[in-house]
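Take a look at the structure below.
These numbers were taken from a predicted model, which means no experiment stands behind them. To find a chain, count down the sequence lines: A is the first, B the second, and so on, and within it residues start at 1.
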Amino acid sequence: MPGRSLTRIVALGAIAALSLTACANGSDSGTGTTGGDAPTDLVISTDLPLQGASASTSESTNNLIQLYLDQVGGKTGKYNVKLKTYDDSTAAKGAWDDAACAKNATDHVANASEVAVMGTFNSGCAKIEVPTLNRDTTGPLLMVSHANTNPGLTKTWETGEPEKYYPAGKRNYARVVTTDDYQGNAAAAFASADLKVKKCFVLNDNQTYGLGVARAFADAAKKTGIEIVGEQAWDVKQPNYTALFQAVKASGADCVYLGGIYDNNGGQLIKDKAAVLGDNSQVKLLGPDGFTGYNDLLKLPQADGLYLTFAGLTTDQLIAAGGPPAKLIEAYKTKYGAAPTGNYPLYGVAAMQVILAAIAKSDGTRAGVTNAVLSGEGITIPKAESVTGKEIKIDPASGDTTAKDITVELVKGGKETFFKSQSVQ
Amino acid sequence: MATLVVGGTKRKAKVRLGPVVERALGFVVLGLVAIWLIANIVSDPNRFLGSALVGLQNGLLYALVALGYTMVYGIIELINFAHGDLFMLSTIVAAGLMVSVMGVGQLGVGTILPLIVALIVCMAFGGFINVSAEFLAYRRLRSAPKLAPLMTAVGLSFIFRGIAQQDYVNGSAQKNWAVVWGGPVVEGVFVYKLLMVIVVTVPLLLAMTYIVSKTKVGKAMRAVAQDQDGARLMGINVNGTISFVFALGGALAGAAGVLYFLVQTQTYYDTGTQLGLIAFTAAVLGGIGNLTGAVVGGLAIGIIQSINEGGAYGLGSNWSQSVVFLILIVLMVFKPEGIFGRPTTEKV
Amino acid sequence: MATSTAPRTSAPSPSRRSLSHYRWPIGYVVVIVGLFLLYHFILPNLVTQVSGPVTAWLPVATLNECLMWAIMALGLNVVVGYAGLLDLGYVAFWALGGYTAGWLMAAPFNWTWDFHLFGAVAKTYPGTHITFWLVILIAGVLCAILGLIIGAPTLRLRGDYLALVTLGFGEVITQFFRNSNDIAGRNLAGGDGGISIIDPIGTGPFGATGLVPPGLSNGAQDNVYKILVLGLLVGACLFISLRIREGRLGRAWLAIREDELAASMMGVPLVRTKLLAYAVGAFFGGIGGVANAAGITGAVSPSGFDFGKSVLVLLMVVLGGMGNVWGVTVGAFLLAWLNSNGLKQIGVQLDSWFGTTLTATLPRYNYIILGLLLVLMMLYRREGLIPEKRTKALMNTPSRTEMESMGAESLEAAAETAAVEKADAKTDAGIAASAAAVSPVLDESTPKREDRS
């Protein structure tokens, strides 16, 4: 027995030594493989939650992007591009999952032919992925989001933001939508000037996005002279919120702001609001874009009179304006038989346009593509081509879009109807 | 040796002091809760009333679900983790039946007939599923260690949730049904809604109490709960009795499902986990295995929760869950047998 | 101390005994190093026809996740498998471990200070950056303390009540972290957003020796190196689990698990032994939390720490075979793999064989498949995939026992009940018939039956 064990120990030692040498060699070969000549076939990936509540929006986004790529012939500049889709959600959770995001991030980096990522849908997921893409030694790898509205990703917001997402010291993240702080400002300006409310009660769903918009709204509202009579979180897991609205009622508020997303039991919230505070013509109800694009919500009779802000222009508006977006949606309708779900699929294509323009401008490497967006003059998509119906200009310093459209919608007769465009300071 | 003696005397003293301290602390906790309630009433009576009414409404629902837990636990000492999810499935059945099949849109006095139909169908559905689960799984695990049926229940709960999560059933998002309540409203609470909950729940609770305490089947249940072998020797059909308890539990979950759907007009695959936990807490709070205890526990949790959310002095909705569980933990530490439970000594 | 010395002093020839005892670490090291070499060295140099399927079925990221879950499962195994205390709130320790990493080794957070101690990032970074290896220990100790706090009030409770209270603690702690952006006006742990950008594992003090390959220290592509690091942690947990089990403490746990009353009669200090089970289990949980935060996700947020995760770890333990560390490890690997990549890949494979479209749909049946697996396991193989020897031995124990643990399925008892049940119907009729023949009193009810026949 001792003899046999001894031989094993010796063998073990040999293996350990071998592994160490392997390590030393491996690190060289690891960086070596991704270098060399830039391939002409490039892959752009999308990173979206394909399961759970956001599934249909994500599916539409992927389909619309594929359709757009087919329309442009799968080519940009001298490169052929292909689409690869990633899923950052798990079925068990029915929403994005941090482990799935982390896994996707390492996969994006490991897949050498990928030069840019379109996504993510959720800011929380982007916050996990961006640093990993940023640390990529061949990059950093570019990410362009069509839906992340959390300000912290690109500008000073919480402690250490946004620098902490860019450990390599170089930016690699851009987005084509306006951030929550503008949305909050717009909602506050609208509430004070158009709705003429005096006292607002601000609710949030206690999640990153909801807290962000709620905070932005509350801060901006105070400046416009609206009194904030209460700020509270609603618990997603609560069966109902009648009791919560008792507290709102006691505060004497004439407006309620719902900072959060509809998925977080927003339907119940709207129903209970109507039960306790009456319909939305008496005590005004405002919500951010987290409540837009849900057919379920529009079917609720209690949602009638709900004002929603949306960072960008709605699909209906874009179609009405004609031009590239209308054509794309028409093509989508003929292919899939229905319009894409929600307003984000078109912005997904807008993000894709930015990526394609960057690739055309670059040398086809990851670093080149990132530099095309986040250095020099940045990327500008002229109005005639843009699927958002307006010029898209990415600020190379921050990665934010310079377009700051906020649309105010009114839910009326089971539809989100355009109410007004709100300019933002 | 000397230390041992000292330790021994100390221990003795502790044994005598322990219960007194515990009782005192228990009363202190109860007193604090009472003071908190009174403070809420005094500072804003209307708000308190509204919150208390909501609490009553939610509490009765919790009680219905809790009864199912407590009955099954009472007879075979199994925490039926699948109970909450069975309840969730019934909400979906109720929604499909009432809205899609019967086309209910406006709720009020006129919808009594669809309500009765839905109640009958869902109670049968719940009972059937629960009895099948018992027949297929739990029955074969009766002699196994306690963890085996418990894990089976967790497995069944996963299956139920997985079914509800499919897009053709309910999907993984909350589904809000376009159903509206009509009628008078008091402090934000629909009177008809509250009445419906009371009118359905209270008779059910009374019926359960009657069945368990007065009927022959109830006697058999109690005998089986006490000693299965003994009961069998006395000529009681043990399997049949246990199946009957499961049928009752399932029917209660079915009824609760209908009510929950009508109160919330919403279905969600995860409802069962959340509400199941609260209901089970209610069952334990009242003393598990005790029917009255489950009802009182459910009402207590419902009211404490809603006053915490809507009262003048509360931590707010985002701490509700913690408040419920902290009450549970404190109670477990000082009075593990629950409010109505009798302390039992371990059999040797 | 007593735990590690007890077997050694009692053993007749220490050297021989210890060598046979350490046979498994050699095998384990071979497996881990082999896996590392496979992913680092062999696969990249093979043709894609060979390497493709391997990386598709078991990508490195999934392998790392499996290793992380193995730590968690081993920790829960101490509490549930060894000591027989059903813990449904184990996720609390995972969360606290993760948040410890968030506080001690991440980008600047509201109340953390600038401090570097062998951190994995450059010294110029603001924020606290303590090395992974120290944070593991700190998190382990913090969690052990939390374990004592949770354990203390539950000591008098048994079985189901214990499960419920631990479940409650798990929920309260998760809710605490969820609301942690505003605890009396202070931001303690970032609320729903949690704390993001946790440092990679890094080499810490070992970096100074110069022996560490550069790939281990930083970068996103160091997933392959994490096999070694996480493998080392799993190995340590395995080692501790196995050694403790053989010592006095481990035997005390088993004694409590099997019969608490008898154990206390034999002089096992119940309070201390149970608390130690919680503490040790929590310690592992803390390590798992740090490993997850620093090695897998790079961020912590409360959405990851729900009741479902507690159940998942429990499933790993039960599926693998409670009390058997190897079984538990296998269970962890199997379930973690299914959850992360397995189901999807099975879907892909089925699609390529039968032309179905299961890739997207199969993961949606995750819950149903896990649930079915669990129910079938409980019905047909209660003791787990790799049962513990002791529970096998216990199978011969007659009749129902009060053993709170798993797998102690007593065959005789099962057979007995089955026989009784089968006999019930027949004998009832038989007894009634014979009774009718003997006693005329019972006859009153029988005539009708005779009429029918």
Review point. Of the backbone (N, CA, C, O) and the side chain (C-beta and beyond), which part of Ile173(C) lies under 4.5 Å from a heavy atom of chain B, both, or neither?
Key: neither
Revision key, fill the gap. Okay, Leu88(C) and chain B: the region with an atom under 4.5 Å from a heavy atom over there is side chain
From [X] atom [atom1] to [Y] atom [atom2], the distance as rounded to the nearest 0.5 Å:
X	Y	atom1	atom2	result
Leu328(B)	Leu164(C)	CG	CG	5.0 Å
Leu150(B)	Leu314(C)	CG	CG	8.0 Å
Tyr365(C)	Ile159(B)	OH	CD1	14.0 Å
Leu86(C)	Met151(B)	CG	CE	8.0 Å

Exercise for review: Counting only heavy atoms closer than 4.5 Å, note whether Phe160(B) contacts chain C via side chain, backbone, both or neither.
Suggested key: neither
**Study point:** Val154(B) portion near chain C, given a 4.5 angstrom heavy-atom threshold
**Key:** both
**Study point:** Among Val311(C), Leu374(C), Leu372(C), the one residue meeting side chain to side chain contact (heavy atoms under 4.5 Å, CB included) with Phe158(B)
**Key:** Val311(C)
Practice item. Please lay out, stage by stage, how Tyr380(C) and Arg140(B) fare under the test side chain to side chain contact (heavy atoms under 4.5 Å, CB included). Key: CA-CA 10 Å; Tyr380(C) 299 107; Arg140(B) 314 172 62 167; 3.5 Å; yes
Review point. Should the ring pair Trp319(B) and Phe176(C) be called parallel, tilted or perpendicular, given that the plane angle runs from 0 to 90° and is split at 30 and 60?
Key: tilted
**Study point:** Greater than 12 external heavy atoms within 6.0 Å of Arg381(C)'s CZ
**Key:** yes
**Study point:** Residue, of Thr273(B), Leu156(B), Leu141(B), Leu136(B), that accumulates the most heavy atom pairs under 4.5 Å with chain C
**Key:** Leu141(B)
Review point. Between Asn179(C), Val172(C), Ile368(C), Thr174(C), which has the largest tally of heavy atom pairs under 4.5 Å with chain B?
Key: Asn179(C)
Exercise for review: Might you point out which heavy atoms bring Ala148(B) and Arg382(C) nearest each other, and give the distance in Å?
Suggested key: CB-CD, 3.5 Å
Check your understanding: Given Gln165(B) and Asn366(C), is the side chain to side chain contact (heavy atoms under 4.5 Å, CB included) satisfied, shown in steps?
Key -> CA-CA 10 Å; Gln165(B) 215 188 12; Asn366(C) 189 335; over 6 Å; no
